[in-house]
Amino acid sequence: MELFDLPLIWAFIIGFGIIMYVLMDGFDLGVGILFPFAPSEEGRDTMMNSVAPVWDGNETWLVLGGAGLLAAFPMVYSIFLPALYIGVFLLLAGLIFRGVAFEFRFKARTSRYLWNWAFAGGSTVASFAQGAVVGAYIQGFETANGVYVGGALDWLTPFTVLTGLGMLAGYALLGSTWLIMKTESYLQQWAYRITLPLLAAVLVVFGIISVWTPFVDELVRERWFSNLTVIWILPVLTLLCALQIYRSVRDRKEGMPFVATMGLFITTYLGLVVSRWPYVVPPEYTLWDAASAYESQLFLLLGLLFVIPIVLAYTAWTYWVFRGKVHAGEGYH
């Protein structure tokens with residue numbers, strides 16, 4: 001007898017893991033995107049030192065979400081991977097390049113500029129790939145009998161390119177507000193200067209995506225315009241977060257811009273979830289259609305009940321230990 005709706009529980013866990021990854025790895029990807037535009041090489045050292053203690057732990061959430069997705073919803077993997085092989089490869093390649101750059105850049109002398117580009121390029125490619133994959137999820141997949149039947153490049157469309165650019169702008173905004181909170185002097189002032197233009201870019205891109213999305217998928221259009229009083233609360237909250245970013249940057253506050261940017265991401269993410277719920281493989285398969293056997297989900301869930309508190313505890317401890325400003329000439333390495 002099935003006492004719990006395990007697919008629903010798993011959907012919540014995986015969704016939580018995804019948003020934790022987006023928020024926690026997003027700002028260090030954003031720092032990488034901004035890397036080529038830093039005002040000095042010393043500034044790049046400080047930027048990298050601000051995320052060096054936490055970046056690898058942040059990616060734990062990507063592993064957790066991916067492993068949970070495979071265990072709980074195997075159909076998602078059987079359809080998503082053939083549809084998104086190239087996008088996922090670019091994502092992983094970008095993460096590998098930037099991970100290697102963390103370790104090699106601090107040791108390099110004559111070749112440091114190469115590792116600067118590896119860090120910036122890896123962060124940019126990984127961020128764009130994430131956004132394009134989200135766009136591919138929004139536009140749906142061509143399937144037949146639970147099998148992907150589209151082409152290898154069907155995921156790459158003008159719409160997914162736009163969502164990829166939107167993710168780049170959003171992560172760059174997270175990165176700049178992180179630098180406002182973690183740095184000082186000329187580097188912090190530079191971060192203040194670029195934050196509002198980045199906010200404007202995010203709002204423009206996401207505004208275009210919001211107008212375009214109803215034309216991409218009929219289900220989204222019907223859901224949006226038949227539930228105006230509920231769903232449109234989320235765009236209003238997003239705009240309020242954007243207004244808070246503007247005010248806190250104008251008033252030269254240090255922590256609030258980053259908090260408000262996280263709020264902007266959360267409301268946008270909730271808007272995506274509400275628009276597609278409960279379809280995990282749009283436009284046909286719900287999370288109950290894609291779920292694995294009840295016994296398998298229950299067995300794995302018991303393990304995660306121990307793992308997730310441990311991950312949360314060591315993540316919180318890491319951020320507590322490395323709290324405060326990162327000063328020039330000081331760092332984790």
Side-chain angles (χ1 to χ4, degrees), residues 11 15 18-19 21-23 26-27 29-30 33 80 83-84 87 124 127-141 154-177 194-249 257-284:
I18 290 173
I19 191 59
Y21 170 75
V22 168
L23 294 177
F27 68 79
L29 285 168
I33 294 168
F80 276 28
L84 302 171
T124 302
S127 300
F128 177 83
Q130 287 182 32
V133 166
V134 171
Y137 171 75
I138 293 173
Q139 68 184 12
F141 302 92
D154 284 3
W155 63 276
L156 190 61
T157 65
F159 181 75
T160 62
V161 170
L162 183 62
T163 57
L165 294 175
M167 190 66 81
L168 279 175
Y171 279 172
L173 179 62
L174 267 176
S176 68
T177 54
I194 64 174
T195 293
L196 292 184
L198 287 171
L199 175 62
V202 169
L203 293 177
V204 168
V205 173
F206 278 96
I208 297 173
I209 291 172
S210 297
V211 173
W212 195 342
T213 298
F215 297 97
V216 171
D217 185 83
E218 183 178 348
L219 172 66
V220 174
R221 181 169 64 251
E222 292 178 355
R223 181 161 294 179
W224 281 14
F225 293 102
S226 62
N227 297 278
L228 287 176
T229 57
V230 178
I231 288 182
W232 289 90
I233 292 174
L234 294 172
V236 170
L237 292 176
T238 301
L239 292 176
L240 289 175
C241 289
L243 179 62
Q244 184 61 43
I245 295 170
Y246 169 78
R247 288 178 172 175
S248 57
V249 170
F258 184 68
V259 173
T261 304
M262 289 196 295
L264 187 148
F265 266 83
I266 291 171
T267 54
T268 303
Y269 175 76
L270 291 176
L272 172 61
V273 171
V274 171
S275 299
R276 275 301 189 185
W277 182 264
Y279 294 94
V280 291
V281 184
E284 298 181 51

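These figures come from a predicted structure and were not determined experimentally. Just the heavy atoms: all of them, side chains too, but no hydrogens, waters or symmetry mates, feed the values below.
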*Do the side chain of T163 and the main chain of V134 share a donor and acceptor less than 3.5 angstrom apart?*
no

*Can you measure from OG1 (T261) to CG (L174) and round to the nearest 0.5 angstrom?*
6.0 Å

*Between S127 and I33, which heavy-atom pair has the shortest distance, and what is it?*
OG-CD1, 3.5 Å

*Listed by chain and number, what are the ring pair (Phe, Tyr, Trp, His ring centres under 6.0 Å) partners of F128, not counting sequence neighbours?*
none

*With rounding to the nearest 0.5 Å, note down the distance linking OG1 in T160 to CD1 in I209.*
10.5 Å

*Closest contact, heavy atoms only, M167 versus G131*: CB-CA, 3.6 Å

*Would you call the rings of F27 and F258 parallel, tilted or perpendicular, where under 30° means parallel and over 60° means perpendicular?*
perpendicular

*asked:* I need the L156 CG to L84 CG distance, nearest 0.5 Å.
replied: 11.0 Å

*Can you check side chain to side chain contact (heavy atoms under 4.5 Å, CB included) on L240 and T267, steps first, answer last?*
CA-CA 10 Å; L240 289 175; T267 54; over 6 Å; no

_Minimum-distance pair of heavy atoms, taken over all atoms of A172 and L198_ = O-CD1, 3.6 Å

*If you measure from CZ on F265 to CG on L23, what distance do you get to the nearest 0.5 Å?*
7.5 Å

*Please examine the side chains of V249 and L199, heavy atoms only from C-beta on, and report whether any two atoms are closer than 4.5 Å.*
no

*In Å, rounded to the nearest 0.5 Å, how long is the span from CD1 of I245 to CG of L203?*
7.5 Å

_Run T195 and Y246 through side chain to side chain contact (heavy atoms under 4.5 Å, CB included) and show every step you take._
CA-CA 9 Å; T195 293; Y246 169 78; over 6 Å; no

*Say you draw a straight line from CD1 of I19 to OH of Y269; how long is it, rounded to the nearest 0.5 Å?*
6.0 Å

*asked:* The criterion is ring pair (Phe, Tyr, Trp, His ring centres under 6.0 Å); which residues satisfy it with F206, sequence neighbours excluded?
replied: none

*asked:* Could you report the tightest heavy-atom contact between A129 and G87, atom names first, then the distance?
replied: CB-O, 3.5 Å

*What are the two closest heavy atoms between W155 and A83, and how far apart are they?*
CD1-O, 3.5 Å

*asked:* Please give me the minimum heavy-atom distance between G166 and V205, naming the atom from each residue.
replied: CA-CG1, 3.4 Å

